[in-house]
There are 4 protein chains.
Amino acid sequence: MSITEKRHHDPEKALQRRRQVLDAAAECFSRSGFHGASMAEISKTAGMSAGHIYNYFDNKDAIIAAFVEENVERVSAMMRDLQMQADPLQALVEKIPQSVRDDLDPRTWILPLEITAESSRNPKIACVVRDADRRTREQFLAILKAGRRLHGLPDDDALLEGRMNAMITMFQGLPVRATHCPDLDAEQLIASFQIALRALLFS
Amino acid sequence: MSITEKRHHDPEKALQRRRQVLDAAAECFSRSGFHGASMAEISKTAGMSAGHIYNYFDNKDAIIAAFVEENVERVSAMMRDLQMQADPLQALVEKIPQSVRDDLDPRTWILPLEITAESSRNPKIACVVRDADRRTREQFLAILKAGRRLHGLPDDDALLEGRMNAMITMFQGLPVRATHCPDLDAEQLIASFQIALRALLFS
Amino acid sequence: MSITEKRHHDPEKALQRRRQVLDAAAECFSRSGFHGASMAEISKTAGMSAGHIYNYFDNKDAIIAAFVEENVERVSAMMRDLQMQADPLQALVEKIPQSVRDDLDPRTWILPLEITAESSRNPKIACVVRDADRRTREQFLAILKAGRRLHGLPDDDALLEGRMNAMITMFQGLPVRATHCPDLDAEQLIASFQIALRALLFS
Amino acid sequence: MSITEKRHHDPEKALQRRRQVLDAAAECFSRSGFHGASMAEISKTAGMSAGHIYNYFDNKDAIIAAFVEENVERVSAMMRDLQMQADPLQALVEKIPQSVRDDLDPRTWILPLEITAESSRNPKIACVVRDADRRTREQFLAILKAGRRLHGLPDDDALLEGRMNAMITMFQGLPVRATHCPDLDAEQLIASFQIALRALLFS
DNA sequence: CATGAATGAGGATTCATTCAT
DNA sequence: GATGAATGAATCCTCATTCAT
């Protein structure tokens with residue numbers, strides 16, 4: 001929003017600067033958390049003075065919000081990718097190993113957790129997160145519906161929503177699980193995820 | 001640890017004081033988060049001076065740590081309860097509806113999220129959390145093993161650990177899910193959880 | 001207001017601390033102005049940490065406001081003093097030399113100017129100042145009325161208000177005059193003030 | 001001074017640029033005060049980049065100083081106007097209603113107050129202000145002297161200086177008075193000003 | 001044991017000023 | 001000439017922690 005409100009002489013460069021800040025923020029946030037990361041830390045990481053950041057973001061919360069927004073876009077992209085597969089249900093099952101492995105990478109889990117924790121306090125963040133979740137659910141539901149029909153399975157909304165939410169819950173639980181038990185055996189977990197997800201998708 | 005190091009004239013009262021602080025902390029943490037809750041807020045809620053808290057806890061982190069420790073005890077108790085059932089696997093499935101409903105209550109999910117987020121930055125907290133998780137896993141594994149044997153199912157450790165971690169992941173994902181989608185349909189979710197868990201337990 | 005809202009264990013000492021801050025503020029404000037004086041400067045002058053000041057005042061504006069409030073009380077006291085004289089008009093004329101000399105003292109004029117300038121921007125301060133002015137006018141008008149009647153002069157409100165405001169304007173102009181022309185001849189000014197004020201009081 | 005020191009390619013345009021800045025400054029200063037008005041605000045109002053202002057003014061203080069200087073020129077012009085009247089004392093009395101009404105206009109009083117307050121802290125500004133005051137006094141004194149002689153009244157310098165300073169004090173008090181009591185009755189005040197000024201001029 | 005007054009380091013934010021383009 | 005991106009010092013304020021009483 002800042003970028004559209006504040007007039008910048010060279011919007012190209014402005015966007016690049018914003019990116020610089022967001023990248024630095026990603027690094028600092030995952031190292032120290034949203035509140036633990038100081039503007040000074042972010043500015044140093046971004047190779048930019050602290051004051052200058054305020055030419056691109058109204059305040060620290062705006063950085064967090066923009067950062068969260070960028071992050072949720074990624075999930076949405078993943079959904080769109082899934083949507084284009086011939087047999088999306090099967091594609092989803094095949095995606096499991098990679099997804100699980102990704103989510104068990106220490107550098108991956110910290111940020112989702114920060115975002116979730118923050119949104120349970122900061123209403124503005126909560127709004128962004130929930131809106132993104134709604135869009136994701138819509139996409140996911142469409143995918144499920146098409147996939148289930150393809151396999152001749154029942155596809156009423158209430159049922160599918162329950163299945164969907166259970167599946168999302170499993171993936172959203174991964175960062176938490178990884179935090180509590182960092183050296184868990186990924187392969188065995190993947191096998192179990194496949195069992196559970198197949199049950200949810202194909203029964 | 002504080003309680004064992006610091007000499008208190010009346011250990012009875014000291015423990016009661018600690019409880020006062022921990023209860024207050026629970027309230028404040030879930031209201032404002034670990035970092036949002038100030039010692040002043042906690043001390044006022046505990047009906048005790050800020051300075052006095054330091055007679056029972058070395059610092060704010062120690063409160064968080066002790067608080068987390070208390071919290072994990074609850075899970076452990078649940079495990080012990082499960083352990084005493086005739087058919088623990090069946091008991092677990094039957095527990096699902098209540099567990100899920102509990103975890104979808106806003107007052108329930110905030111603290112687990114705070115704890116997880118905090119432990120992904122604070123090594124001290126991470127240590128407490130992981131130790132607790134290890135103990136829980138041991139209990140859970142024993143339960144699973146006994147249950148599976150009872151049902152004549154394979155019970156080798158690697159397999160069971162994968163199943164177990166998948167199940168825990170599902171429950172740990174609930175607070176995250178609830179944050180992202182506060183008005184999700186609990187009943188449909190419960191049905192799906194039962195499908196997934198049955199698959200993990202009995203196949 | 002702070003002092004009544006925030007609970008202090010020893011209200012006696014709290015008031016003394018507030019006074020310490022206000023005295024330091026007076027010194028700093030007159031040296032550097034309201035905005036030029038930093039909280040650090042004030043706290044150092046008050047012999048107290050910057051943070052501690054916030055136990056007695058909500059913020060810097062509250063210090064300014066309290067300070068202004070204290071200041072306007074002094075004028076009110078002067079009015080009450082005048083009110084008790086046998087021939088208040090005559091007493092007022094006799095007060096002129098001292099009043100003028102006081103207002104020409106460099107340490108005296110800076111603060112009234114700061115207060116006036118601040119109140120033309122800060123609505124909260126404007127409110128305090130205007131309320132004080134209203135009370136002062138009421139007292140002054142009563143004095144004038146009684147005095148004029150004593151001397152058998154017309155005493156209708158509209159007329160007296162005009163005279164009163166002219167007289168107050170003269171005294172409020174002194175700090176401005178002194179700033180613009182610090183080495184002006186006080187005695188000649190006093191003589192002229194007496195001429196003007198006599199005309200306003202007795203014609 | 002800046003304008004004479006810094007070499008400008010087109011001095012004509014340079015002066016116009018300075019005027020642009022000074023007009024913008026007038027607007028911003030009266031809206032937000034000297035310290036409240038940021039260089040960014042002034043530059044935007046002036047339709048010029050912030051950096052460019054520094055080609056015409058050494059720093060913000062120089063803007064204030066130049067601005068003050070321009071302001072005092074206006075008073076000087078008024079003096080010259082008065083000087084050309086047949087009976088300047090009478091002319092002065094006749095000017096009172098308009099002058100008083102002007103000074104009671106909110107847009108008029110803010111800047112004099114800012115200037116005065118600023119000059120009581122900023123020695124550079126004080127210097128400009130006092131120098132201007134000295135010149136004004138000289139003009140005023142000459143006018144008074146001529147007028148008094150015209151009316152066959154005593155005209156020794158000490159006496160006239162006192163009268164003059166009393167009169168200036170009255171007018172300089174008006175912005176202060178207006179701030180403290182914004183809804184005062186202008187007409188009654190004018191009548192009283194005439195009484196006081198006549199006494200100072202003709203006795 | 002208990003208080004809360006007091007500290008001071010650290011945080012977000014603003015803004016006059018500079019300088020490469 | 002003219003821009004506005006960039007700096008960094010300075011400001012207000014918060015809060016964990018200490019300590020005299």
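All chains are named by letter (A, B, ...) in the order of the sequence lines, taking the proteins before the strands, and each is independently numbered beginning at 1.
- When the P atom of F:dA20 is taken as reference, atom CG of C:D10 falls 18 Å away, rounded to whole Å.
- When the nearest nucleotides of DNA chain E are assigned to A:K60 and D:S38 by heavy-atom distance, the more 5′-ward of the two goes with A:K60.
- Listed pair C:Y56 / E:dA6 meets the phosphate criterion, a side-chain N or O lying under 4.0 Å from OP1 or OP2.
- If C:N59 and B:A37 are placed on DNA chain F by their nearest nucleotide, the residue sitting closer to the 5' end is C:N59.
- The side chain of C:H8 contributes an N or O atom lying less than 4.0 Å from OP1 or OP2 of E:dA5.
- Between the CE atom in D:M39 and the CD1 atom in D:I53 there is a gap of 4.5 Å [rounded to 0.5 Å].
- Note: NZ (C:K44) to P (F:dA10) measures 12 Å, nearest angstrom.
- Rounded to whole Å, atom P of F:dT17 lies 7 Å from atom CE of B:M39.
- Take the nearest nucleotide of DNA chain E for A:D61 and for C:A50: the residue whose nucleotide is more 5' is C:A50.
- Within the shown strands, F:dT3 is the pairing partner of E:dA20 under the Watson-Crick or G-U definition, both distances less than 3.5 Å.
- Using a 4.0 Å cut-off, no side-chain N or O of B:S49 falls inside it from OP1 or OP2 of E:dG4.
- In terms of phosphate contacts, A:Y54 brings no side-chain nitrogen or oxygen within less than 4.0 Å of OP1 or OP2 of F:dA6.
- For the pair A:I42 CD1 and E:dG11 C1', the interatomic distance rounds to 12 Å; values are reported in whole Å.
- Contact between the side-chain N/O atoms of B:K13 and the OP1/OP2 oxygens of E:dA2 is found at a separation under 4.0 Å.
- Straight-line distance from the CG atom of B:N55 to the P atom of F:dT18: 11 Å, rounded to whole Å.
- For the pair D:G47 and C:G51, both in contact range of DNA chain F, the more 5′-proximal nearest nucleotide belongs to D:G47.
- In this entry the distance linking NE2 of D:H52 with P of E:dA20 reads 18 Å, nearest Å.
- Taking 4.5 Å as the limit, some side-chain heavy atom of B:R18 sits within range of a side-chain heavy atom of B:F57.
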CA sep, side-chain torsions, deciding dist, call: C:Q16, C:R19, side chain to side chain donor-acceptor pair (under 3.5 Å): CA-CA 5 Å; C:Q16 183 208 319; C:R19 159 84 21 179; over 6 Å; no
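- In this structure, A:I53 places its CD1 atom 14 Å from C1' of E:dT14, rounding to the nearest Å.
- Between A:Y56 and A:H8, the distance separating the two ring centers is shorter than 6.0 angstrom.
- Look at C:R17 and you'll find a side-chain N or O under 4.0 angstrom from OP1 or OP2 of E:dA6.
- In this structure, C:L15 places its CG atom 15 Å from C1' of E:dA5, rounding to the nearest Å.
- Under the 3.5 Å distance criterion, the side-chain polar atoms of A:K60 are left unmatched by any main-chain donor or acceptor of A:S38.
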